[in-house]
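A short write-up of the structure that comes next.
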Amino acid sequence: MNDPLIEDICAVVAAIPRGKVTTYGEIARLIGRPQNSRLVGRTMGRITDRPHIPCHRVVNSQGRLAPGWDEQRDLLLSEGVTLKANGNVDMKRCAWRPFDTEELQ
DNA sequence: AGACTGACGATCC
DNA sequence: GGGATCGCCAGTC
């Protein structure tokens with residue numbers, strides 16, 4: 001059964017353009033739970049059965065990728081996401097903003 | 001009911 | 001800029 005929380009997260013994550021990434025905190029804020037960023041990450045772990053949801057485009061504020069998910073790094077690289085030497089995502093270039101779509105910047 | 005943990009965030013060093 | 005610590009909320013043991 002899909003919880004309303006999962007539906008909200010999927011809606012936001014699905015809106016992330018290719019080559020861009022967003023943070024759990026940003027999603028949490030968009031779904032109305034600015035302090036539940038951890039719940040978002042935990043919930044996303046349950047969305048693994050949703051291939052249509054690019055959950056690999058979701059990282060934390062540090063640009064750190066999900067632990068135990070080495071495939072995520074390869075997926076991001078395939079989309080043109082720039083990673084730093086330490087393996088973190090370059091949020092400076094790939095941080096997606098709902099208000100700032102492809103038409104802007 | 002109580003304690004621990006976590007795909008986190010912000011702050012401090 | 002990177003690493004360590006504290007704080008928040010919900011889920012799990």
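Convention: sequence-line order gives letters A, B, ...; per-chain numbering from 1.
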Pairs under 3.5 angstrom only: tabulate donor-acceptor contacts from the side chains of residues 58-68 of chain A to other protein residues two or more places apart or in another chain.
unit_1  : atom_1 : unit_2  : atom_2 : d
A:Asn60 : OD1    : A:Gln62 : N      : 3.1
A:Asn60 : OD1    : A:Gly63 : N      : 3.1
A:Asn60 : OD1    : A:Arg64 : N      : 2.7

### Task
May I have the step-by-step check of side chain to side chain contact (heavy atoms under 4.5 Å, CB included) for A:Arg57 and A:Trp96, ending in yes or no?
CA-CA 10 Å; A:Arg57 292 177 189 159; A:Trp96 171 67; over 6 Å; no

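- The structure places CG of A:Leu76 at 6.0 Å from CG of A:Leu83, a figure rounded to the nearest 0.5 Å.
- A single hydrophobic cluster is seen to contain both A:Val40 and A:Val12, as judged by linkage of ILVMFWY side chains at heavy-atom distances under 4.5 Å, directly or through other members.
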Protein-nucleotides 9-11 of chain B N/O pairs closer than 3.5 Å?
unit_1 : atom_1 : unit_2  : atom_2 : d
B:dG9  : OP1    : A:Gly25 : N      : 2.9
B:dG9  : OP2    : A:Ser61 : N      : 2.6
B:dG9  : OP2    : A:Ser61 : OG     : 3.1

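- Distance check: A:Thr22 OG1 to A:Ile16 CD1 gives 5.0 Å after rounding to the nearest 0.5 Å.
- Connection of A:Leu77 to A:Leu75 is not established within any shared hydrophobic cluster, with ILVMFWY side chains joined at heavy-atom distances below 4.5 Å, either directly or through further cluster members.
- Taking A:Asn86 as the reference, A:Lys84, A:Asn88 meet the side-chain contact (heavy atoms from CB on, under 4.5 Å) condition, with sequence neighbours excluded.
- Heavy-atom distances under 4.0 Å link DNA chain C to A:Lys84, A:Asn86 of residues 79-89 of chain A, given in residue order.
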### Task
Go through A:Val89 and A:Cys94 one step at a time and tell me if the side chain to side chain contact (heavy atoms under 4.5 Å, CB included) criterion holds.
CA-CA 8 Å; A:Val89 176; A:Cys94 304; 4.2 Å; yes

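- Between the C1' atom of B:dA7 and the CG atom of A:Leu76 lies a distance of 13 Å, rounded to the nearest Å.
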### Query
Could you go step by step and tell me if A:Lys20 and A:Arg97 meet the side chain to side chain contact (heavy atoms under 4.5 Å, CB included) rule?
CA-CA 9 Å; A:Lys20 292 272 185 168; A:Arg97 302 180 184 179; over 6 Å; no

Side-chain donor-acceptor contacts of residues 26-39 of chain A below 3.5 Å, not counting sequence neighbours, with atom names and distances?
none

Polar-atom pairs under 3.5 Å, protein N or O versus N or O of nucleotides 9-13 of chain C: list them with distances, or write none.
unit_1 : atom_1 : unit_2  : atom_2 : d
C:dC9  : O3'    : A:Asn36 : OD1    : 3.4
C:dC9  : O3'    : A:Asn36 : ND2    : 3.3
C:dC9  : N3     : A:Arg38 : NH2    : 2.4
C:dC9  : N4     : A:Arg38 : NH2    : 2.7

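- Going from atom CE of A:Met91 over to atom P of C:dG1 covers 13 Å, rounded to whole Å.
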